[in-house]
Structures are given as C-alpha cells and as structure tokens.
Amino acid sequence: MRVTLLIAWREYLENVKTKGFWIGVLLVPIVFFMIFHISTRLATATPTRYYLLIDQTGQYADSVEIAIRREHQRRVMQDFMRYLQENRSDSANFAVSNEPSNQMDQLLDDFGNDEVAALDDWLSNGGLSFALQMARPYLRAGTPDFEEPREQFIAAVPPPELDLSAPPEQIIETLRPFLNGERRLPAGDNQISLFALILIPADVNSDIVRPVTTMQSGLQNDTGPRGVQYWAGNLTDTRLSNAIQTSINNAIRQQEYIQRNIDVNAVRDVQRTRLPVSRMDPGKVAGDEQVSLADTFRQWAPMGFVYLIFISLMQSVQYLLSNTIEEKSNRIIEVLLASVTPGELMMGKLLGIGATGITTILAWLASFFAFIQLYQTLETTMIVQILDVLLGSDLIPYFVFYYLCCYTLYAGIFLAIGSLCNTLKEAQSLMMPLMMVMMVPILTMSFIAQDPNGTMARVMSWIPLFTPFTMMNRAAAQPPMIDVVGTTVLLVVTTITVLWLSGRVFRQGILRTGQPPRIIELWRMLRRRST
Amino acid sequence: MSSTVLSLSNVSKRYGDFTAVNRINLSIPKGSVYGFLGPNGAGKTTTIRMILDIIRPDEGEIEVLGCKSAMQVRDRIGYLPEEKGLYKKMKVWAIISYFASLKGIHRKDAKLRAFELLEQYGLKDFANSTVESLSKGMGQKVQVLSSIAHNPELVILDEPFSGLDPVNQEVLEQLIRDLKNNGQTVIFSTHIMQHAERLCERLLLITQGSKVFDGTVDEARAIIPRRVILECQNDVAALADLDGVLSVCETSVSGEGRLPGTRQWELYVKEHTNPQLILQHCFQNGISLSRFDFTQTSLHDVFVHLVGQEAREHNFR
C-alpha cells in the first residue's frame, strides 16, 4: 500500500505541477465565462437595421409601423423587467411568486404569465415612464439609471429617384443596388445601408388566402411573388419579417372582423382569456406538489453531471495513456517493476490520476463559485439558488458514486490498452472502439432525460459500460429500486472483474515490445496467469 | 565470501519455439563482483529479468538473498536495466529520492541520500536540473545512482557502461569498486571485456541461452593457450619441437614499416612455459628477431574463442 501511494503521489504531482494542466483546467471556466459574457452583451448589441416600407395600398403602413414600435416596446419592457429583478431592494427570488403582494410583483407576475397581455398593459399604462415611477420605491439605494435599449429597426427615407407608385418590378430594379449593398441611402448627414424592403403591391388584397380558397389560389397563380414582398440579403435575422407578417395579418383580420360584423374588442378579450396550467409532481410532499423552476432544473441537472463525468473521464484517460506509454517507451517500467508489482503500479496510477481528475473537478467548481460571486447578474443569482437546490438534493451522492465507478471501470480498460502500446498512435487505434462506446450515452443523453424510466433508459442502465452515465441521468426521476440495486451490483462486479482482467493484461503487456497484440493474443493474455 | 546471494538451478525460459535461456546453473557468493558476458541476444537480459522476478522461468529454481522470489526482497536489490530511461520532467535529486523511497527508504532520508550521492559522484551542480536537460551519459549516471541509493545488498547492472565516455566509464568502475568495498554484491553484464577483466572476480559467459563458461578470470584465460608472436626473416617452424611449445604457425604480417621479407609466427605454449627459453633458443640459433611479443591471453580472445563463430552467425541471421 505504501508503494501504491508513493506511485499515486508521483503521478498526481507530475500532472498537477505542470503549467499545461492548469491552463487546460482553467480554460474551461474561462471559455464558459467568455461565452456567458459575450452572449449577454451580444443580445443587447444587435446593430440597428434600416428598412424601407412601400405600401401601395395605403392600408397597412400604419399597422407595420405600430408593430415595429410595439416590438421595440417589448424589448424595453423585457430589459426593464430584468433591471427590476436585478435591482429590487428585497431579496430577489427567481421563481415567480404565486401571490403577488405589491404592484411591482403584479407587473412581474403578469410578465411571467402572459407577455402579450403584459405588453398591452405596459403600453396602455404609459410604458417606461410609468413603470419607472411605479418601480422607484422598490429599487435598492444606489441603483443605476435604466438604460433604454436602442431601436433595432428604423424606417429609412426612400431615395429621391424612386417612384413609389411604379410597378413592383420597377421599384425592385431601382432599389436592388441598395439592397445588395452596392449603394447606400442618404439619412441626414450620414449614409446608411438598407437592410430590408417591404413592398406591399397595390393589388395585394387579391392575394389574401382564405380557408376556402387556399388550394385554388395555390394552384392558379404560381408564376411570381405573391402577397407582401419582403426583400433582404440577410436570411437569418427574421425578427423584422416576423413582425411584418404578424402585423399585416392582424390588420387584415381586423378588417375581416369588421366586414363580418364581429366585435373586435370581444375577440380581443376572448383571445386574452386563459386558464393557467399548474404543473404538479406526485412525488412531492402533499400540499407542496407544485412544480417550481428549481424542480424543473433538478430534473435536467443530471445531464450536467453526466457531462462532467464524461469530460473529466476524457481528461483522465489521456493522462493514463500518455503516462503509461511514456514509462513504456522510456523503459522506466523495468526499473519500476523491479521495485513494485505490476498490480501496485496499476493501482498507484489509478489512484494518482483519479486524484488528478478530482482536482480538475474541484478547480472547475472553485472557479465557478468565484465566477458567480464576482460576476453578479440576474442569471448568476439564479445559478446560486439553483446550486443551493442541487447541493441539498440527493444528486451529489449519486454523482460521487457513479463518477468513481465510471472512472475505475474505464481507467482499468485504458490502462490495459496503454500497457500494450509503445506509442500514442498505436493506442489511438485501440482506443477508438471504446471511445465510440463512451459516445453512446452522451448521444442518447437528452432522450433519456426526457423519458428517464423508458425502455431505452432501462436497457442501457443494465449495460455496465453505460450504467454510470445512464443511471446518473435517471437519478432525479426516482428509477425503480430493481434498477438502482441491480445495476449497482452489476456495475461494481463488472468494475472489479475488469480491474482484475486489466491487471493480467497490464502485467504481460507492460514489458511487451513491438506491435500491439492481435485479438487472439489478447485472449491468451486474459487467460494466462503470469509471464 | 561465506554465503551465496544468488543461485540458479536449471533455469530455462522459452518464447514459443525459441529458447531464450537453457538450463542455466549459477551460484554467486556474497560480496563478489560477477560479470555476465555474452554476445547480443545470448539471454543475459532474460536471465536478469528472471532473477528479478519481472518474468518467470518456465523451468528451474532461483533463490535470491535466501528467498524464492526477488519481489520478497526487492528492497535489498538494486537494478539498472539495459534500456535506460527516466521521467523527463523530474528533477535529478527527486528521481533518485523517488526510486529510493520505492525501495523502502523514508522520504526525508531518501532526499538526503540523493544529494549525498550526487555530490560523491560529481553531479551536485545538476541536482535541481530536470532529467530532460541532462546529456545521455549524465542521465545514465543518474540512473545508476537511482539503482544504488537504497544501499542494496545485491546490485544488478545490465550493460552499465554502454553510452558512457571513457572518463565516466572510469567513474562507474570506481563506483562498482566502492560497492564491493562496502560488502555489496554486484552483477553486471557487458560487452566490453576490459571492464570485466578489471572488475570481475568471476564470470558467466552465455551464448544462445546456454552457459559456456562460469569461473574466475584466470580460469577463463586458461581456456585458450598462451601465445608468443615472433617476427623475423627466418623460418622458425622448428620451434614446435621445443619443450612447452604446443604449435607454431605462420600468420600474415599486419601493419607497416617492416623490412622486406619479414615473416610473422604465432607460437602457442603451455600454461607454465617460460618464454625466456624461446628467446634464448632463437639467440643460440642465430635467429634475428625484429619482434618478440609475449602477452597474457585477454578476455577478448577468450570471448572470441568461445562465442565468436556463434555471435557472427547470430548477427547475420
């Protein structure tokens, strides 16, 4: 045992004392932080788009303008809600409160339940200025002023040479250089790029699709563009086209209601009528069955743990292979084997590199905690509360158990592979099948999270190489006792057997030179007692 | 030299149809310096690995320091393998200390011992260097020190001189003498006969897995007759009739700067023949000698005599 610990300690130090190790370990939280930071910044940094709206019917321009302004107000409201949650004076609670106690909670509650209705209220109450006034008493002292987001879509002025009443084809021809970016539109002293053109031809109403005419109109006129024409080089930013489609269709529907003598306000009220659905969990204590955001997160959290096991395992596997192959190719192995038994050597490596893996996970956790302490936003506050839920749940013991079993099981196999190879290149070809096996639980991870006690999840749980990943993934879904006990026993027995067989291969492989063995030789190694 | 530290009886090892070691018997007394000689592929390393219980023999028995397996007494054995290697990123003192602590020395003592050895063998300035920054020869010295840092009773060095320059070969020779003076038993394998000649009390010569000689250096030299080389203008074949001369044969003259007509003769003589008698006979018979060379038989000659043909065949196989 003493020599096993000595070997483990050396292996551990050799890995954790290198700069490369810490760069690799810290790269993960740094990349995570950068993605987090950049994505939150990018969300507010979308450039302003200039559009040109030509409505030859004169019926829809106002609706589109209103829709675009409404879209902007929606963003203002969203940002304001965020601002409110981040800066409220009482303790923040990410979960939406069930019993709103004041006006601000009411606003947040409405926003959480029905954004469209909340927006209507927002606009009818006077928008941002009202909201600011209302929220002021509830804000923390020293809260910075709210910064209203920039407008994303601004109407451009048509170029003077454009005849707005010309046939659509002619308008397109005139504007094509602007849309292609070959020419820029004048806007005061500046020049701007035209992002999109919305062209509503004079005869657009003849293209209105009604349930009765859908099939016919689809067959009749298939030659050119129909309805409203939306011209833009950027095909990925669909916010403007969506806003236009929705607003024009709303305007048409308004006309239809009037034509059919239907009370528009009644329709509006009907559309806003809703019955909330309370999600309940039968597994929870009576009276407290309502599913909160934290509960939902707890159901998905095992996937995070599966990833953590996988990433840490991939790192450990690399160390196991490279260290074993270094000892083999440098012929250090022979000196070691004159001092320790192959079994002690193998166990020392398993322990040392296992400790390296645990150090990595602890370093990630430490940097993660440092990150959420130092970088306080609404999201990180949510993460803190979610972590509290997680750390208090039974997922942590599951994770520790499955991590250790998974590591031992796979590390045993990889050590045996390492002992058979003289170069990393040789090892890679032997590793490939095992890597494919390891990918299966990762690829099926989201299916299992969705149906944690389904046939696929249950079958995979009983395959020892998949057990740690699959059972970890099912941990929050209270799998049947037979699955928990049965797969655990099978996993432990398999891990011990694999270690024992790997020990045999390791003993014989470690002094081997030349090409890795063929399958038949490997079989002989597994059966042979000693060299 | 009272007790035996290592004995092998009828030890064999086969890999498939190939017999690497064939029924080797051996007994090494305590405190001796023992040489394992043999051509490439003779089975020296396999024998050493079996002694260390790194691989198991198919037949026969090995007893090391009174135990059936070297693993039982691994802390009392030091080993330098034929193919040298160290952890490249480790510091020199740390690697010596690590191997010593694997052999049961307390970590603090192992560190002290590492520095002591490095100072003793002229590597003190490199104690804090990493192994990768050392030259090949220096790395090899570090590995030798790693193998003896725990003061083992039995030291097994497989080809310790290969790759060392002449100065470091002398340092290593001194180290082996120091070990011997300390009462430790040393076994080393080598291709360089001069080292064996200078250091060993006893030798084992194996070829193709079988023992061809086991005895003292003098016994080895006695295997082939002593030789006198003469150069003159005459025919001296008649010297074969002299008492103590076994045979006379003419050999081709090697080297330059000789008078035209010079002939070279080799006389094989009995173990205790006095070469002065040959010299006296030449004077009395008016044979004018331009060279009279009477040298002791070298181990090199013995080696070539015993395994030369097989080694040549082996190398060209």
Side-chain angles (χ1 to χ4, degrees), chain A residues 1-21 319 322-345 348-349 352 419 422 504 506-514 517 520-521 524-525 528-531, chain B residues 13 15-16 45-46 48-58 64 69-91 94-107 110 130-132 139 143-144 146-147 149-150 152 154-156 158:
Chain A
M1 192 60 198
R2 199 189 71 88
V3 283
T4 304
L5 291 177
L6 271 172
I7 292 168
W9 182 239
R10 199 208 71 80
E11 291 279 344
Y12 177 71
L13 283 186
E14 176 164 301
N15 294 325
V16 301
K17 273 170 84 178
T18 56
K19 286 189 206 94
F21 172 81
Y319 285 130
S322 58
N323 288 18
T324 310
I325 289 169
E326 185 203 357
E327 280 169 0
K328 251 196 104 170
S329 59
N330 281 354
R331 309 304 301 169
I332 307 166
I333 208 77
E334 215 169 320
V335 193
L336 286 173
L337 289 183
S339 309
V340 301
T341 62
E344 287 167 335
L345 180 62
K349 284 182 167 299
S419 73
N422 292 306
R504 281 193 169 186
F506 189 84
R507 266 200 302 277
Q508 298 166 65
I510 204 74
L511 281 172
R512 232 184 113 92
T513 49
I520 187 82
E521 286 177 87
R524 277 193 211 120
M525 282 180 157
R528 202 179 299 155
R529 283 187 160 273
S530 64
T531 32
Chain B
K13 180 74 189 173
Y15 293 104
T45 299
T46 306
I48 288 174
R49 283 181 176 176
M50 284 192 290
I51 292 170
L52 290 161
D53 204 16
I54 293 174
I55 52 173
R56 303 261 162 83
D58 295 326
V64 189
S69 163
M71 286 318 278
Q72 293 171 287
V73 283
R74 58 191 179 187
D75 293 354
R76 293 159 65 194
I77 303 173
Y79 173 48
L80 173 82
E82 180 185 10
E83 288 179 84
K84 282 78 182 172
L86 294 165
Y87 294 108
K88 288 179 185 162
K89 301 284 176 195
M90 277 179 92
K91 288 185 175 170
I95 208 155
I96 297 175
S97 164
Y98 174 63
F99 281 117
S101 53
L102 280 183
K103 294 285 194 179
I105 305 282
H106 191 272
R107 279 170 68 183
T130 53
V131 168
E132 64 189 345
Q143 195 164 358
V144 173
S146 302
S147 65
H150 58 296
L154 173 62
V155 182
I156 300 174
D158 199 354

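Letters A, B, ... are given to chains in the order of the sequence lines, protein chains preceding strands, and every chain is numbered from 1.
Proximity to chain A (any heavy atom under 4.5 Å) is restricted, for B/Leu86, to the backbone atoms N, CA, C and O. Contacts between A/Thr18 and chain B at a heavy-atom distance below 4.5 Å are absent for every atom of the residue. For a residue to count as touching a neighbouring chain, one of its non-hydrogen atoms must lie under 4.5 Å from one of that chain's; by this rule B/Tyr98 touches chain A with the side chain only. For chain B, the nearby parts of A/Ile7 are the backbone and the side chain; heavy atoms of each come within less than 4.5 Å. B/Tyr87 touches chain A through backbone and side chain together, each having a heavy atom under 4.5 Å away.
Annotation: maximal heavy-atom pairing with chain A below 4.5 Å, among B/Arg107, B/His150, B/Arg74, occurs at B/Arg74. Ranked by heavy-atom pairs under 4.5 Å with chain A, the first of B/Gly78, B/Pro81, B/Ala70 is B/Pro81. Note on A/Lys17, A/Arg2, A/Glu344, A/Glu326: by heavy-atom pairs under 4.5 Å with chain B, the leading option is A/Arg2.
Rounding to the nearest 0.5 Å gives a distance of 8.5 Å between CD1 of A/Ile332 and NZ of B/Lys88.
A/Val335 approaches B/Gln143 most closely through the heavy-atom pair CG2-NE2, 3.4 Å. The minimum heavy-atom distance linking A/Ser339 with B/Lys103 is given by the pair OG-CE, 3.2 Å.
Between A/Leu337 and B/Leu52 the shortest side-chain heavy-atom distance does not fall below 4.5 Å.
The pair B/Arg49-A/Glu334 counts as a salt bridge, with a side-chain nitrogen and a carboxylate oxygen less than 4.0 angstrom apart.
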